[in-house]
2 protein chains.
Amino acid sequence: MASRAKATIFDIAREAGVSKSTVSLVLQGSGLIRPETAVKVRKAIEDVGYVYNRGAANLRKAHSNVIGMVINDLTNPFFAELAVGMERVFQSAGIVPFIANTAENPVRQEEVLKSLMEQGVAGLIVSPARGTTPGAFRRLEIAGVPVVFAMRRLPESRIPVITPDNHRGAYLATAHLIGKGHRRLAFFGGSSDLVVYHERLGGFREACETLGIDARDALIIEGETNRKGGMACLETSLAMAEPPTAALCFNDAVAFGVMLALRKRGLEPGADFAVVGFDDVVEAEHYMPPLTSVAVDSAGLGERAAHVMIKMIQSRTTRAEDHIGAVNLVVRESCGPDRRTRARAMGTGGAA
Amino acid sequence: MASRAKATIFDIAREAGVSKSTVSLVLQGSGLIRPETAVKVRKAIEDVGYVYNRGAANLRKAHSNVIGMVINDLTNPFFAELAVGMERVFQSAGIVPFIANTAENPVRQEEVLKSLMEQGVAGLIVSPARGTTPGAFRRLEIAGVPVVFAMRRLPESRIPVITPDNHRGAYLATAHLIGKGHRRLAFFGGSSDLVVYHERLGGFREACETLGIDARDALIIEGETNRKGGMACLETSLAMAEPPTAALCFNDAVAFGVMLALRKRGLEPGADFAVVGFDDVVEAEHYMPPLTSVAVDSAGLGERAAHVMIKMIQSRTTRAEDHIGAVNLVVRESCGPDRRTRARAMGTGGAA
DNA sequence: TTGATTTATTGGAACGTTCCATTTAATAAG
DNA sequence: CTTATTAAATGGAACGTTCCAATAAATCAA
């Protein structure tokens, strides 16, 4: 209401009877000022209701402490987890990261990136939107802003990447299905404009071939990466001449959709059709039946991404090594007769 | 890599053979400059790889276009939905909101608010963390920054609030349970340091009294507002001498927990124990059994909050009217014999 | 042709900080 | 008692914009 003109360090200086420079020093916690003076100044800061103007400071300092995270879908708990992991690290480093959502929209992403750059971010952690064009991050590179990709990568980009081991995860899951005796397999959901898709599909294919199944017999159906997509995939597959008996799904959301569609047709997930998900979101454990899924530790990947970012900023580089995170197949009850229910298979999925 | 010193409007001016003022005018899209000149300048902007420095600009303009949203729990899809609703509105207004997560931690919230203020935000939409002290927003008020509370309110605060009609929602849900013939009711989850809790509990109590049930017979168990809390509540209640036969849950997460715990005891949610949730998150519809819940349209509330914020900024005020959003009871199958499955009861819950 | 008006462009001060170079005050060394 | 040394505080320039007042160029009226 009252809102008198914003207080500046000059107001503080007058109030405390010192110079603006002294105030500045106190604000930065410099040891050069006499403790009593510092106390006096700090009191004045309180009294005048001062708010530090970081914009003005950055004008001189030329390096802010703001880090942005650009997330492609905030409503997916999987990405929200990623964000939370990053925050944990930044918090302990005294950094407040700003999150922006692109809602899987490359145009929006462009706006978001522009805005963050204008704000003078020190670095950016990005899970790029589907359909991102290769040039979208050129401006960032030119400006020399450190960028890390998390969970997703772009084809032919030099930007460091933190992702789970998608290939291995898909391999483990597929081997598990084959080990259960399934011979007609399907891969449901996702689309080929995502690098992740190719990685996971690659693991699926390799497992098929290694374990004696002709990959050309496998059914591959692209689709949306959500429940609806999963339902559609299942319907399509059951309309085939020789329908599959098991499916590896692009992610858990797709798997939930598949199970939903099975129920709707009077089929029991697990007994009548085996389903494996990917990501192992919290819901997977509580679903009916509990979903077998590839756990990727998204919060851990978020932490790792944050650490890499901090390193990059400190060493003033825009390059860093990629990091491929370990995955586990978490076996639950969505793949038929529960021989080893609720056991955690760590790095072994029956690839014998 | 190369990263030559950041280009400024002076560099553009030199490149285009005009003055810095002209460049500034072009950047602001002023109609005062000759179109050909504008084209020339815009080309120079591209050529030098210029990045607008909003911090410097704000130094003069004294009003940024940055809006912050402070969310208490980003992993709850309910709050993520709220964020998405807000973003929709801001996007069409050309504003990029920055989201920050407080993880339900008042200390973290303090840091976040401080950081956002230092960044010079034009306004703040906040879903306050549980346990927020009344003074937490004093600095914002002093600085005259517009603030809107969303989903949650603080006791005795003058800050405008956008919330669902918690009292009515709880009333409708409770009346529904009573209409089904239940007489021993429970209210599960939440805690009394949340204003929302009192609102929902108030609706519950009013329904009991109005519809002929002594509210003192009702069982009220506080607890965490997540699955775990729900499980604990159910266990506690079943240990009572005369256990309840139905429960209104503080939110859907609690309701999911209750259903989980029922199953674990071999009881069937719906048939053996009626459960109603609150919020109607997307999972509610797909759960087994589908959860009857109070829909609050969180995305819509987010949009509303964003609109109010934009109005406040334009009219340079820090006051605005509260907004209480309508709620619907969405009846599904978690409350016993499904007399009217999948019907949407709009504003009427059987309060006759 | 001259002056008035409109249209485009420009220089300079200001915004709130940081940081360097300086000054002043206090202390130590000779 | 000087003079060198250290500690504490300060003034001024700079950061990259915006915006006002001023100028220059073009158009119009008389």
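Side-chain atoms are counted along with the backbone in the values below, which use heavy atoms only and exclude waters and symmetry mates. Model, not experiment: these values are computed from the prediction. Order of the sequence lines sets the chain letters (A, B, ...), proteins ahead of strands, with each chain counted from 1.
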note = Contacts of A/Leu59 and B/Ser21 projected onto DNA chain D by closest heavy atom; the upstream (5') one is A/Leu59
Over how many whole Å does the gap from [X] atom [atom1] to [N] atom [atom2] extend?
| X | N | atom1 | atom2 | result |
| --- | --- | --- | --- | --- |
| A/His63 | C/dT18 | NE2 | P | 11 Å |
| A/Tyr50 | C/dG16 | OH | C1' | 7 Å |
| B/Asp11 | D/dC15 | CG | C1' | 13 Å |
| B/Gln119 | C/dT17 | CD | C1' | 14 Å |
| A/Arg14 | D/dG11 | CZ | P | 14 Å |
| A/Lys61 | C/dT17 | NZ | P | 12 Å |
| B/Ile9 | C/dG12 | CD1 | C1' | 13 Å |
| B/Ile12 | D/dG16 | CD1 | P | 12 Å |

Any N/O donor-acceptor pair, A/Arg60 side-chain to C/dT18 base, under 3.5 Å = yes
Which pairs of donor and acceptor atoms, one on a side chain in residues 95-103 of chain A, lie under 3.5 Å apart (sequence neighbours left out)?
from     : atom 1 : to       : atom 2 : distance (Å)
A/Asn101 : OD1    : A/Leu74  : N      : 3.4
A/Asn101 : OD1    : A/Ala103 : N      : 3.2
A/Asn101 : ND2    : B/Glu87  : OE1    : 3.0
A/Thr102 : OG1    : A/Ile71  : O      : 3.3

Strand contacts (DNA chain D) in residues 23-43 of chain B, 4.0 angstrom heavy-atom criterion = B/Ser24, B/Gln28
query = When we call it a touch if two heavy atoms are under 4.0 Å apart, what does A/Phe10 touch: a base, just sugar-phosphate, or nothing?
reply = base
note = Tightest non-hydrogen contact, residues A/Leu124 and A/Met309, listed as O-CE, 3.2 Å
Determine whether the side chains of [X] and [Y] contain a donor N or O and an acceptor N or O closer than 3.5 Å.
| X | Y | answer |
| --- | --- | --- |
| A/Ser21 | A/Ser24 | no |
| B/Ser64 | B/Asn58 | no |
| A/Arg130 | A/Ser191 | yes |
| A/Glu81 | B/Thr75 | no |

message = If the condition is side chain to side chain contact (heavy atoms under 4.5 Å, CB included), which residues does A/Glu110 pass it with, not counting sequence neighbours?
response = A/Ala136
note = Assert: residue with more 5' nearest nucleotide on DNA chain C, out of B/Val18 and A/Ala56, is B/Val18
request  = Please tell me which of the listed nucleotides, D/dT18, C/dT17, C/dT18, lies nearest to the side chain of A/Asn53?
outcome  = C/dT17
query = So does A/Ser19 get a side-chain nitrogen or oxygen closer than 4.0 Å to the phosphate oxygens (OP1/OP2) of D/dT10?
reply = yes
